[in-house]
Amino acid sequence: MPELPEVETIVQGLNKTILNKKIKQVKIIYPGIVKWKTANFIKETLGQKIKNIKRRGKNILLMLSQDKAILIHLGMSGHIFYTSPHQTLDKHDHIIFRFTSGKKEIRYNDPRKFGKVKLIDLRCCPDLDKLGVEPLEISEKDFVNLMAKRKGRIKSLLLNQKILAGIGNIYADESLFEAKINPLSKIEQISPAKLKDLHRSIKKVLKKAIRAGGSSIRTYTDLSGNTGRFQLSHKVYAREGESCKICDAKIKRIIVNQRSSHYCPKCQKEN
DNA sequence: AGCTCTTCCTGAAAGC
DNA sequence: TGCTTTCAGGAAGAGC
C-alpha cells in the first residue's frame, strides 16, 4: 500500500530518471485506469516535457507546465516501474510512457486496478483541492488546533485525506504506537500534550520511513523493483500476536471504522 | 459531522 | 492436492 513515504520515494526516483524528458509515446493497454478519454489523454500528453515531479498526499504529479500535470494515484497496489522496453509485458502493466531520450520507459502496473491516472489543471483540481494539510509541513500549533476542531476516533481522523494528506493504515498505526495513543480514543478525550506527542510521532515515523525507502508489506517496490526497509522497523503494523518491542505484551488487531488497527494493549491504553 | 456499509479488484492465504 | 472462500484496503458514495 503506497502511502506518503512510499510515494515520496517514488517521486525522488522519478526526479532522478525522467525529469526534463519529453513524452514520445503513450500506450494505454487498460483504459480503465485513465480517468480521462483515452484519445484526449494521449493527445494532450504527447510531446510534453516532464518539467518537475512532485508529491501531494499520496498523489504523484508529473508537471507538464505551470498549470497542467499528469496525476497518478497508486491506489492499493499500483506500481511505477522504470524498465527496459524489451522487458516482457506483465499482465498488470496498464500504461506505458516512452520518452524521446534515454533507454528506459515508465510502466504503470496495478493488479487490483484501484489506482488512477489523469490529466489535471492545477488551477481547478478537486482531487488536490479537497486534500488536507501535508503532515510533514504542519506546525505543532496548527496540528493541535486542527485536531481540536474534530470529533470521532483518532484512527479514522488520521486516515481522512481531507484533514491530513498522505497517511494510510501503516503510518497511522505506527504513529499512534509511537505516541502511545489507543486507536479507539476519541479526539476530544486526548489531551493537548498527547496531541503534541502525536504531531511529533507522525513526523518522526514518516521521516524515518522515507529514509528507509518506505515499507514493503506485500508488493511495494521502488522504480527499479527494490523493496523498502521500513517494514523491518514496524512496531505494531502486521504484528498481530507478536510481542510488543517495549513491554512484551501481545500486539492486538481490531477493526476501527472498517480498517484493521494494530496496537499494544499495554502501551496504548484507552482513556 | 461521523459512522457503517458497499463498490471497485485480484492475489494470497486460509479453510475444507 | 485442489477447489472455494475470505481477506486486504484507498477512496467515494449512500443512508442513518
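Here is how names work: the chains are called A, B, and so on, in the same order as the sequence lines, proteins then strands, and each is numbered from 1.
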* At under 4.0 Å, does any side-chain N or O of A:Lys91 touch on OP1 or OP2 of B:dT10? -> no
* Asked: Quick one: do A:Asp127 and A:Lys116 make a salt bridge, cutoff under 4.0 Å?
  -> yes
* What nucleotide among C:dG9, B:dT6, C:dA8 has an atom nearest to a side-chain atom of A:Arg259? -> C:dG9
* Asked: Does the distance from a Lys or Arg side-chain N to an Asp or Glu carboxylate O, for A:Glu240 and A:Lys250, drop under 4.0 Å?
  -> no
* Please list residues of residues 166-177 of chain A whose heavy atoms come under 4.0 Å from any atom in DNA chain B, ordered by number; otherwise none. => none
* **Whole-Å gap separating P (B:dG2) and CG (A:Leu184)** => 17 Å
* Across the strands shown, which category fits A:Lys116 at heavy-atom distances under 4.0 angstrom: base, sugar-phosphate, nothing? -> nothing
* **Carboxylate-amine/guanidinium contact A:Lys68 A:Glu44, below 4.0 Å** => yes
* Are A:Lys155 and A:Asn169 linked by a side-chain donor-acceptor pair shorter than 3.5 Å? -> yes
* Does any N or O in the side chain of A:Asp173 come within less than 3.5 Å of the main-chain N or O of A:His262, such that one atom is a donor and the other an acceptor? -> yes
* Structure fact -> On DNA chain B, more 5' by nearest nucleotide between A:Tyr30 and A:Asn257 is A:Asn257
* **Whole-Å distance separating the NE2 atom of A:His94 from the P atom of B:dT10** => 8 Å
* Asked: A:Ile72 has an atom CD1; how far is it from atom P of C:dA11, in whole Å?
  -> 15 Å
* Under 4.0 angstrom between A:Arg253 side-chain N/O and C:dA8 OP1 or OP2 -> yes
* Please list, chain by chain and in numerical order, all residues satisfying salt bridge (Lys or Arg N to Asp or Glu O under 4.0 Å) with A:Lys204, sequence neighbours excluded. => A:Glu178
* Asked: Under 5.5 Å between ring centres and under 30° between planes: true for A:Phe114 and the base of C:dA11?
  -> no
* **Atom-to-atom span, CD1 of A:Ile255 to C1' of C:dT6 - whole angstrom** => 13 Å
* Asked: Do other residues, nucleotides or ligands put more than 12 heavy atoms under 6.0 Å from A:Lys252 NZ?
  -> no
* To do: Rounded off to whole Å, could you give me the CD-to-P distance for the A:Glu3 and C:dG10 pair?
  => 6 Å
* Structure fact -> note: A:Ile254, atom CD1; B:dC3, atom C1'; distance rounded to Å ~ 15 Å
* Please work out which residues in residues 144-163 of chain A have a non-hydrogen atom less than 4.0 Å from an atom of DNA chain B and list them by number. => A:Arg150, A:Lys151, A:Gly152, A:Arg153, A:Ser156
* To do: Establish, with yes or no, whether the OP1 or OP2 oxygen of B:dC9 is under 4.0 angstrom from a side-chain nitrogen or oxygen of A:His92.
  => no
* Just checking A:Ser260: base, sugar-phosphate only, or nothing, at a heavy-atom cut-off of under 4.0 Å? -> sugar-phosphate
* **Steps toward salt bridge (Lys or Arg N to Asp or Glu O under 4.0 Å) verdict (A:Glu6, A:Lys58)** => CA-CA 9 Å; A:Glu6 290 77 32; A:Lys58 300 175 192 170; over 6 Å; no
* Does a side-chain N-to-carboxylate-O contact under 4.0 Å join A:Asp248 and A:Lys266? -> no
* Asked: Starting at NZ of A:Lys35 and ending at P of B:dC9, how long is that distance when rounded to a whole Å?
  -> 9 Å
* Atom NZ of A:Lys113 to atom P of B:dT7: distance rounded to whole Å? -> 19 Å
* To do: Taking only Lys NZ, Arg NE, NH1 and NH2, and the carboxylate oxygens of Asp or Glu, determine whether A:Lys113 and A:Asp110 approach each other closer than 4.0 Å.
  => no
* Structure fact -> With the side chain defined as heavy atoms from C-beta on, A:Gln258 is closest, among C:dG9, B:dT10, B:dC5, to B:dC5
* Could you please name the option among C:dG10, C:dG9, B:dT10 that lies closest to any side-chain atom of A:His73? => C:dG10
